[in-house]
Undergrad: 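Would you mind keeping the following structure in view while I ask a few things?
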Amino acid sequence: MKQSVILNSGFAAWAFAELADDLARELNLKVVATPGDYNYVLSWDEPMVYRIYCAGRNLFGWNVRKFPPQQKKQPWVAHAQGAIYEVLNEV
């Protein structure tokens with residue numbers, strides 16, 4: 001069975017600790033430091049931004065914007081900072 005979790009880790013986790021605890025209590029989920037099957041992300045040191053495309057309750061695509069392996073990571077995941085899009089094949 002796949003597990004949903006609240007992901008809160010890394011250098012900024014302290015800022016979300018109280019919110020993580022509140023969400024865990026309300027949603028009956030665990031707060032974890034490593035990604036699970038399904039993640040409610042509050043803080044994570046791997047900077048990336050996911051875009052999900054849907055209409056009329058139908059999910060029809062998604063992609064991720066992140067830094068390539070050789071690029072220095074920045075807190076703002078933007079093209080101007082060197083981030084690129086990657087198409088994700090499966091949802």
Undergrad: Taking S43 for the side chain and G10 for the main chain, is one N or O donor matched with an acceptor at less than 3.5 Å?
TA: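 Answer holds: no.
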
Undergrad: Just how far is it from atom CG of L19 to atom CG of L42, taken to the nearest 0.5 Å?
TA: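 L19 atom CG to L42 atom CG measures 5.0 Å (nearest 0.5 Å).
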
Undergrad: Linking I/L/V/M/F/W/Y whenever their side-chain heavy atoms sit closer than 4.5 Å, directly or via other members, would V32 and F16 fall into one cluster?
TA: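 Per the 4.5 Å side-chain linkage, V32 and F16 are not co-clustered.
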
Undergrad: Apart from W14 itself, what residues make up its hydrophobic cluster, given side-chain heavy atom links below 4.5 Å?
TA: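 Besides W14, the hydrophobic cluster comprises nothing; the residue is isolated.
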
Undergrad: Could you work out, with side chain to side chain contact (heavy atoms under 4.5 Å, CB included) as the rule, every residue matching A24, not counting sequence neighbours?
TA: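 With sequence neighbours excluded, A24 shows a side chain to side chain contact (heavy atoms under 4.5 Å, CB included) to I6, V31, given in chain and number order.
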
Undergrad: Which pairs with one or both residues in residues 10-27 pass salt bridge (charged side-chain N to carboxylate O under 4.0 Å, His left out), sequence neighbours excluded?
TA: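 Non-adjacent pairs meeting salt bridge (charged side-chain N to carboxylate O under 4.0 Å, His left out): D22-R25.
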
Undergrad: Show the atom names and distances, to 0.1 Å, of all donor-acceptor pairs under 3.5 Å that link a side chain in residues 34-41 to residues at least two apart or in another chain.
TA:
unit_1 : atom_1 : unit_2 : atom_2 : d
D37    : OD2    : Q3     : N      : 2.8
N39    : OD1    : G36    : N      : 2.6
N39    : ND2    : G36    : O      : 3.1

